[in-house]
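Read through the structure below, which is laid out as structure tokens, and then see the notes.
Because only heavy atoms are used, hydrogens play no part in the values below, and waters and symmetry mates are left out as well, while side chains stay in.
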Amino acid sequence: MPTLTLPVSFKPLTGGETTLSMDGATTVKALLDRLVKDHPNLTQRLLFEGRLASWINIFVADTNIRDLAGVDTPLAADDKVLVLNAIAGG
């Protein structure tokens, strides 16, 4: 099953979890759908107008999904998925 790693800043929205097993997720979209279903408070952080937010980067096996098939990127059972959010400040 794919393993998802989230930023530490998401901990309050996931009950303290930053690493989740995503059994049955065969694409990044399926993984995101399940993630926001299980943790609805993450929706605002991950999605904008129903699509992956521009400030969110998702990597599968060290490759940004924007360089693959986007949210349609297929997942293998042993894939490691990493979510990173852009940080800005001044």
Side-chain angles (χ1 to χ4, degrees):
M1 73 189 84
T3 303
L4 173 66
T5 302
L6 296 167
V8 173
S9 62
F10 287 11
K11 271 179 118 172
L13 306 173
T14 61
E17 298 293 326
T18 57
T19 302
L20 305 166
S21 295
M22 303 303 287
D23 191 28
T26 57
T27 65
V28 171
K29 181 175 183 345
L31 180 144
L32 290 173
D33 289 345
R34 178 164 165 213
L35 181 63
V36 297
K37 181 181 177 201
D38 292 349
H39 305 282
N41 292 330
L42 284 175
T43 303
Q44 289 180 271
R45 295 276 186 103
L46 296 172
L47 305 177
F48 180 74
E49 296 180 353
R51 299 175 62 181
L52 183 63
S54 62
W55 57 85
I56 296 295
N57 290 295
I58 299 177
F59 294 83
V60 175
D62 298 325
T63 302
N64 192 319
I65 64 167
R66 287 184 173 96
D67 297 329
L68 299 169
V71 294
D72 295 322
T73 299
L75 296 175
D78 61 344
D79 274 337
K80 306 274 189 261
V81 180
L82 174 65
V83 173
L84 295 175
N85 58 324
I87 298 174

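Leu20 pairs with exactly one of Thr5, Leu35, Asp38 by the side chain to side chain contact (heavy atoms under 4.5 Å, CB included) rule, that one being Leu35. Each of Thr63, Leu68, Asn64 was checked for a side chain to side chain contact (heavy atoms under 4.5 Å, CB included) with Arg66, and the lone residue meeting it is Asn64. In summary, of the residues considered (Ile65, Asp79, Leu4), a side chain to side chain contact (heavy atoms under 4.5 Å, CB included) with Val28 occurs for Ile65 alone.
Here the side chains of Arg45 and Pro7 are not in contact, with every heavy-atom distance at 4.5 Å or above.
Rounded to the nearest 0.5 angstrom, Thr43 OG1 and Phe48 CZ are separated by 14.0 Å. With rounding to the nearest 0.5 angstrom, the CG atom of Asn85 is 5.0 Å from the CD1 atom of Ile56. Here Leu52 contributes atom CG and Leu46 contributes atom CG; the two are 7.5 Å apart, rounded to the nearest 0.5 Å. Here the CG-OG1 distance, from Asp23 to Thr3, works out to 10.5 Å after rounding to the nearest 0.5 Å. The distance from atom CG of Leu6 to atom NE2 of His39, rounded to the nearest 0.5 Å, is 8.0 Å.
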Note to self: side chain to side chain contact (heavy atoms under 4.5 Å, CB included), that's the test. Do Val81 and Met22 meet it? Break it down for me.
What the structure shows: CA-CA 10 Å; Val81 180; Met22 303 303 287; over 6 Å; no
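With hydrophobic clusters built from ILVMFWY side chains whose heavy atoms lie under 4.5 angstrom apart, Met1 does not share a cluster with Phe59. Leu32 and Leu82 sit in two unconnected hydrophobic clusters of ILVMFWY residues. Membership requires side-chain heavy atoms under 4.5 Å apart, directly or through other members. Residues Leu13 and Leu47 share a hydrophobic cluster, clusters being chains of Ile/Leu/Val/Met/Phe/Trp/Tyr side chains in contact below 4.5 Å. A continuous path of Ile, Leu, Val, Met, Phe, Trp and Tyr side chains, each step under 4.5 Å between heavy atoms, connects Leu42 with Trp55, placing both in one hydrophobic cluster.
Counting non-hydrogen atoms of neighbouring residues, nucleotides and ligands closer than 6.0 angstrom, the CG atom of Asp67 exceeds 12 such neighbours.
Contact detail for Pro2 and Ala25: the closest heavy-atom pair is CG-O, 3.5 Å.
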